[in-house]
Amino acid sequence: NQELDINLIRKDFPILQKRVNGKPLVWLDNSATTQKPNCVIKAIDNYYSEYNSNIHRGAHTLAKIATEAYEGAREKIRSFINADSCEEIIFVRGTTEAINLVAETFGDDKIQKEDEIIISVMEHHSNIVPWQKLAQKKGAIIKVVPIDDCGEIIMEEYAKLLTSRTKIVAITHLSNVLGTINPIKKMIEMAHHIDVPVLIDGAQSIPHIGVNVKELDADFFVFSGHKIYAPTGIGVLYGKKAILEEMTPWQRGGGMIKDVNFETTTYNDLPYKFEAGTGNIADAIGLGEAIAYINNIGIERVQLHEKKLTSYAMDQLSQIPSIRLIGTSSNKSSVLSYILEGVTPEDVAKFLNNDGIAVRAGHHCAQPVLKRYGLNSAVRASIGIYNTIEEINALVGSTLKIARY
Ligand code: PMP
C-alpha cells in the first residue's frame with residue numbers, strides 16, 4: 001500500500017497535539033526545521049539517562065555502548081544515502097558547517113587565482129558565502145547559473161559556464177524557496193565530463209527525495225539532521241573516499257590524530273580525520289533514529305504523499321486572486337512560496353499565525369533568488385511527512401481570508 005496513514009504518523013509527533021492561539025497547530029515551516037518523532041526524543045533521553053559516555057576512548061562498558069550507538073547511526077546514514085563505506089560519512093554540525101569544511105580544505109587546496117566556482121541563483125546563503133570567502137582569498141571567480149521564470153536551471157547556460165577554468169560546482173538539490181528539484185544527476189555528469197567535482201547541498205532534498213550518492217556520482221553531498229526529523233546541531237558531510245583521503249584535515253585536536261609530538265602530527269583514518277574534538281554524540285544517535293523512522297515508512301511513500309500535497313496546494317493557492325506564486329516548476333516538491341498583492345509577507349505570516357498556522361516570511365537565507373523575482377521577502381509554507389489535505393485547506397482558507405480583507 002503506497003498511501004501513508006497520516007493520522008498514525010501524526011501520533012508519533014507529540015508537538016502536533018499542541019494548540020497555538022487557541023487553534024490546532026498547523027506546522028508548515030518544515031523547510032526551516034521539522035518536528036521530532038517520539039523515537040528520536042526517546043533515543044536522546046535514553047542516551048543521557050542510560051549510557052552517556054565519551055566515545056572511542058574509555059575502556060569501560062558505557063563507552064563501548066555509546067561508541068556502538070554512534071557508529072551504528074553512521075552506518076544507518078551510510079545505508080540511507082547508499083554510500084560505499086562509513087569512512088565516507090563525516091559527522092558535522094549541519095549543512096553550513098559541511099560546506100565551510102569543503103571550501104576551506106578541498107577548495108583552499110584546489111582553487112587558485114582566476115579559477116572559477118559555479119553555483120546557481122537559487123543557492124542558500126550557506127552555499128554562497130563560504131565560496132565567496134574562498135574566491136576573495138584566492139582571486140577566484142564565482143559564476144552563477146541563471147534560472148527561468150518558473151524556477152528551473154537554464155541548462156544551456158550551465159553548459160556554457162563549464163570550462164577548463166571551472167574547479168568546482170556547488171549546487172542545491174532542492175531549492176528552499178522555489179521547491180524546484182534540480183536535475184543534479186545530469187549536472188554532475190556534465191561537470192564530470194570535464195573532470196570537475198560537484199558538491200550537492202542536500203539540506204532540503206534529504207527529507208523529501210530518496211538520495212543515492214553512488215547513482216548520482218556526487219563527489220560531496222551535505223545535509224542537516226534537523227530537516228529530516230532529527231535534532232539540531234548534527235549533520236553529515238558525505239565525500240568520496242578517494243577525495244577525502246587526499247584532503248587535509250580542517251579543525252585540529254583530539255580524535256583526529258594518530259600520533260602527536262611537538263614537531264609533527266600524523267592524522268587519524270577516515271572518517272575521524274575530519275572529526276576533531278568530542279562530537280555531538282546524542283544528536284548523532286538521534287539522527288540515526290530519525291533515519292530508521294523514515295526507512296520504516298519508506299522514502300518513496302513520503303515522496304508520493306508530499307508531491308500530492310504540493311500539487312494540490314499549488315492548484316488551490318493559484319486560485320486566490322492577488323496571489324503571486326514563486327517557483328512554479330512542475331518538478332517541485334514541498335515548498336510553497338508566495339506574496340499577496342498589497343500585504344507584506346510578514347503581515348500574512350502574522351495573520352496565519354493567528355489561525356495557528358506556522359509559516360515563514362522573509363528572505364529565507366536566499367536573498368539572490370528573491371531578487372531574481374524582484375522581491376526582498378516572501379511567505380513560505382513548507383510541507384512535511386505529517387501534513388494533511390485539511391491543513392493545506394486551512395492554509396488556503398486563511399490566505400484567501402487575508403486576500404479578501
Ligand atoms: N541549504 C539549504 C538549501 C537550506 O535550506 C538550508 C537551511 N535552511 C541550509 C543550506 C543551511 O542549513 P543549516 O542551517 O542547517 O546549516
Side-chain angles (χ1 to χ4, degrees), residues 27-36 40 77 81 90-104 119-133 144-145 147 151-153 169-182 184 187 198-209 211 218 220-238 250 279-280 283-284 286-287 290-291 306 310 326-327 329 332-337 358-370 372 377-384:
W27 186 257
L28 285 171
D29 197 16
N30 293 288
S31 292
T33 204
T34 53
Q35 300 303 344
K36 319 306 172 200
V40 169
I77 295 157
I81 63 170
I90 319 272
F91 282 124
V92 290
R93 211 155 53 83
T95 307
T96 304
E97 186 168 276
I99 298 172
N100 277 278
L101 189 161
V102 175
E104 291 187 12
I119 59 174
S120 85
V121 176
M122 64 172 89
E123 297 313 312
H124 187 278
H125 295 160
S126 69
N127 200 26
I128 301 173
V129 186
W131 302 115
Q132 215 165 47
K133 179 184 173 195
V144 183
V145 188
I147 56 174
E152 291 181 5
I153 294 273
V169 173
I171 196 101
T172 192
H173 195 177
L174 196 161
S175 160
N176 69 315
V177 173
L178 308 168
T180 314
I181 301 167
N182 287 323
I184 54 161
M187 294 178 84
V198 182
L199 176 143
I200 300 296
D201 173 353
Q204 292 297 337
S205 63
I206 198 75
H208 304 304
I209 318 177
V211 169
F220 299 104
F221 187 96
V222 302
F223 66 92
S224 304
H226 70 99
K227 312 263 190 197
I228 181 166
Y229 313 103
T232 51
I234 189 76
V236 171
L237 161 66
Y238 158 83
W250 187 43
N280 189 348
D283 295 323
L287 173 54
I291 281 175
E306 293 174 342
T310 306
I326 318 296
S329 165
K332 72 174 277 172
S333 189
S334 304
V335 185
L336 312 157
S337 289
V359 301
R360 196 170 160 194
H363 56 59
H364 315 297
C365 299
Q367 286 175 342
V369 73
L370 282 170
R372 161 67 179 75
S377 176
V379 181
R380 180 185 68 187
S382 47
I383 292 167

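Both ligands and their constituent atoms are indexed starting at 1 by order of listing. Basis for what follows: all heavy atoms, side chains included, without hydrogens, waters or symmetry-related copies.
Each of the atoms 1 (N), 2 (C), 4 (C), 6 (C), 9 (C), 10 (C) of ligand 1 lies under 4.0 Å from some heavy atom of Ala203. Taking every non-hydrogen atom of Ser224 and a distance limit under 4.0 Å, the qualifying atoms of ligand 1 come out as 12 (O), 13 (P), 15 (O), 16 (O). For ligand 1 and Asn176, the ligand atoms under 4.0 Å from any heavy atom of the residue are 5 (O).
In this structure, Thr310 and Lys332 have side chains that are in contact, with non-hydrogen atoms separated by less than 4.5 Å. Using a 4.5 Å cut-off on side-chain heavy atoms (C-beta onward), Pro231 and Val40 make contact. At least one side-chain heavy atom of Ile99 sits less than 4.5 Å from a side-chain heavy atom of Trp131.
Defined by atom type and a distance below 3.5 Å, a donor-acceptor pair is missing between the side-chain atoms of His226 and Thr232. A donor and an acceptor atom, one from each side chain of Ser333 and Glu306, are nowhere located under 3.5 Å apart.
Between His363 and His125, the ring planes are tilted. Angles from 30° to 60° get that label.
The side chain of Asp201, and not its backbone, has at least one atom closer than 4.0 Å to an atom of ligand 1 (non-hydrogen atoms only; side chain from C-beta on). In His226, the part holding a heavy atom less than 4.0 Å from any atom of ligand 1 is the side chain.
Across the listed options His125, His173, His124, His124 owns the non-hydrogen atom lying nearest to atom 4 (C) of ligand 1.
Between Asn176 atom CG and Thr95 atom OG1 the span is 10.5 Å, to the nearest 0.5 Å.
Using a 4.0 angstrom heavy-atom cutoff, Cys365 does not count as in contact with ligand 1. Taking 4.0 Å as the cut-off, Lys227 counts as a neighbour of ligand 1 on heavy-atom distance.
Ligand 1 has an N or O atom lying under 3.5 Å from an N or O atom of Gln204, backbone or side chain. The N/O atoms of Thr172, backbone and side chain alike, include none that comes under 3.5 Å of an N/O atom in ligand 1.
Ring centroid separation for the pair His124 and His364 does not come in under the 6.0 Å cut-off.
Ranking protein heavy atoms by distance to atom 10 (C) of ligand 1, first place goes to Ser126 OG, 3.1 Å. The closest protein non-hydrogen atom to atom 16 (O) of ligand 1 is Thr96 OG1, 2.5 Å.
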